[in-house]
Amino acid sequence: MALQDRLRPLVDTTGPGPRAVRRVAGLDVAYAEDSDRLAAAVVVLDADTLTVLERSVVLGRARFPYVPGLFAFRELPSLVEALDGLGTAPDLLVCDGQGLAHPRRFGLACHLGVHTGIPSIGVGKTAFVGTFDAPGPARGESSDLVLDGEVVGAVLRTQRDVKPVFVSVGHGLDLAEACRHVLALSPRFRLPETTRQADGACRAALAAAAAEARTTG
DNA sequence: GCGACAG
DNA sequence: ATCTTGTCGC
C-alpha cells in the first residue's frame, strides 16, 4: 500500500492523450483451477479495423494472492513479461480491472501505465469502489462513478440494454477520451475487443499448456 | 465490530 | 479468477 501511495503522484490523469492510436493492446490473465499456474496475454489490435496485429503470451505462476486493492501485485509482473515480448510497443493499454477507481487511486491500469509510460485505461466488469446511478439504456450513455465526492470513473453502456462496464483512467489521458476509446473498441459486444482477444489468448495458452503437461506426463 | 471487496 | 446448470437469442 505504501508503494502504491508513492507511485500514485506519477499518474497523469489528464494528459494530451496518445497522439495517434494505431496499435491498441488488450491485457488479461487466466489461472489454472488447481495449482498456481497462470497465462498472461497481451494482444495488439489495429485501432481502426480491430484486427489482431500481434500476440504475446507468457506462462508463469502466481506469486502473490488475490487481495482486493493489491491486484496489480498479482498480475502486473506476468503482464509486463508479456509486454516485453512484443515486437512493437502499443500506443494504448486496455487493462482488465480498474485504474483510478481504486481505494488509493492506483489500480492495475495506473500501475501498468506508470510502469510502462504508455497511456492506459482500466475496464472492469464489476464495480470495485464508488457509488453510481444506472446509466441510460442506450449505447454510449454513462454515469459518474464517485468516490469520496470525486469522479474516479464512468459507468459506461457499451451495448443497448446490456450491463455497463466500469471505465477509469489509468495513465496519460482523461476519462472522456478513455470512454471514447472503449466505445470504439466495443462495436458489437459488451467488452472491448481488446479484452475479449486477450481473454481468449491467455485461456487458450493455459489449456494448451495443460494438454501438453498431460501428454508429457 | 461487521460486511464488502477489480480479478 | 474458476466451476456449475439452465435459459434466451442471433
Side-chain angles (χ1 to χ4, degrees), chain A residues 1 3-4 7-8 11 26-43 57-82 93-115 120-132 137 139 145-148 151-156 158-171 175 178 182 186-192 194-211:
Chain A
M1 291 190 274
L3 179 54
Q4 295 180 325
L7 297 177
R8 167 70 184 80
V11 175
L27 302 81
D28 193 24
V29 178
Y31 300 85
E33 40 211 285
D34 213 31
S35 87
D36 54 356
R37 281 294 181 188
L38 63 77
V42 176
V43 179
V57 185
V58 299
L59 292 175
R61 121 180 325 179
R63 304 178 188 188
F64 200 91
Y66 166 65
V67 181
L70 301 179
F71 187 48
F73 295 101
R74 179 174 172 77
E75 302 204 336
L76 185 141
S78 297
L79 288 174
V80 168
E81 266 187 57
L93 305 180
V94 178
C95 312
D96 206 44
Q98 320 291 328
L100 295 177
H102 174 278
R104 288 171 292 287
R105 312 295 195 279
F106 199 69
L108 173 66
C110 297
H111 208 143
L112 271 169
V114 167
H115 184 90
S120 64
I121 301 172
V123 180
K125 295 179 283 296
T126 62
F128 177 31
V129 293
T131 58
F132 60 93
R139 168 182 148 80
L145 178 60
V146 180
L147 179 62
D148 300 324
V151 176
V152 297
V155 183
L156 179 66
T158 56
Q159 293 298 317
R160 179 164 198 94
D161 293 329
V162 167
K163 177 181 170 143
V165 295
F166 298 79
V167 180
S168 56
V169 166
H171 179 66
L175 185 56
V182 171
S186 316
R188 170 136 195 234
F189 300 104
R190 181 199 175 212
L191 298 177
T194 35
T195 299
R196 291 166 47 74
Q197 287 291 338
D199 181 76
C202 59
R203 276 207 244 184
L206 199 59

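Residue numbering restarts at 1 for every chain, and letters A, B, ... go by the order of the sequence lines.
In this structure, A/Gly107 reaches the bases: a heavy-atom distance under 4.0 Å links it to at least one base atom across the strands shown. Contact annotation for A/Ala127: backbone-only contact, meaning every heavy-atom pair under 4.0 Å involves sugar-phosphate atoms and none involves a base. A/Tyr66 comes within 4.0 angstrom of a nucleotide base, judged by non-hydrogen atoms across all strands. At a threshold of 4.0 angstrom between heavy atoms, the contacts of A/Leu76 with the nucleic acid are absent. Within the 4.0 angstrom heavy-atom criterion, no nucleotide atom of any strand lies near A/Gly122.
In this entry the distance linking CZ of A/Phe166 with P of B/dC5 reads 12 Å, nearest Å. In this structure, the CG atom of A/Leu38 is 14 Å from the C1' atom of C/dT2, given to the nearest Å. For A/Glu75 and B/dA6, the CD to C1' distance is 9 Å, given to the nearest whole Å. Atoms CG (A/Asp28) and C1' (B/dG7) sit 8 Å apart, rounded to a whole Å. Atom P of nucleotide B/dC5 and atom CZ of A/Phe73 are separated by 22 Å, given to the nearest angstrom. Taking atom OH on A/Tyr31 and atom P on C/dC3, their separation rounds to 14 Å, with Å as the unit. Taking atom CG of residue A/Leu27 and atom P of nucleotide C/dA1, one finds them 14 Å apart after rounding to whole Å. Atom pair A/Glu33:CD and C/dT2:P shows a separation of 9 Å (rounding to whole Å applied).
Checked against the 6.0 Å centroid threshold, A/Phe71 and A/Phe128 do not count as a close aromatic pair.
Defined by atom type and a distance below 3.5 Å, a donor-acceptor pair is present between the side-chain atoms of A/Glu75 and A/Tyr31. Side-chain atoms of A/Gln4 and A/Arg104 include a donor-acceptor pair closer than 3.5 Å.
Of the residues near DNA chain C, A/Arg188 and A/Asp96, the one whose nearest nucleotide (by heavy atom distance) lies more toward the 5' end is A/Asp96.
Checked by atom type and distance alone, the side chain of A/Ser168 never pairs as donor or acceptor with a backbone atom of A/Gly153 at under 3.5 Å. Side-chain N or O atoms of A/Arg190 include one that pairs as donor or acceptor with a backbone N or O of A/Lys163 at under 3.5 Å.
The aromatic ring of A/Phe128 is stacked on the base of B/dA6, with the two ring centres less than 5.5 Å apart and the planes inclined by under 30°.
Of the candidate nucleotides B/dA6, C/dC3, C/dA1, C/dA1 has the atom nearest to the side chain of A/Lys125. In the set B/dG7, B/dA6, C/dT2, the nucleotide with an atom closest to the side chain of A/Leu108 is B/dA6. Side-chain proximity of A/Ala30 to C/dT2, B/dG7, B/dA6: nearest is C/dT2.
Remark: A/Arg196 pairs with A/Phe189, A/Leu191, A/Glu193 by the side-chain contact (heavy atoms from CB on, under 4.5 Å) rule, at least two apart or across chains.
Under the 30°/60° scheme for interplanar angles, the aromatic rings of A/His111 and A/Phe106 are found to be tilted.
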In dot-bracket form, 5' to 3', how is DNA chain B paired? Count Watson-Crick and G-U wobble pairs only if both distances fall under 3.5 Å, and write | where the partner sits on another strand. .......
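In this structure, A/Phe73 CZ and A/Met1 CE are separated by 10.0 Å, a value rounded to the nearest 0.5 Å.
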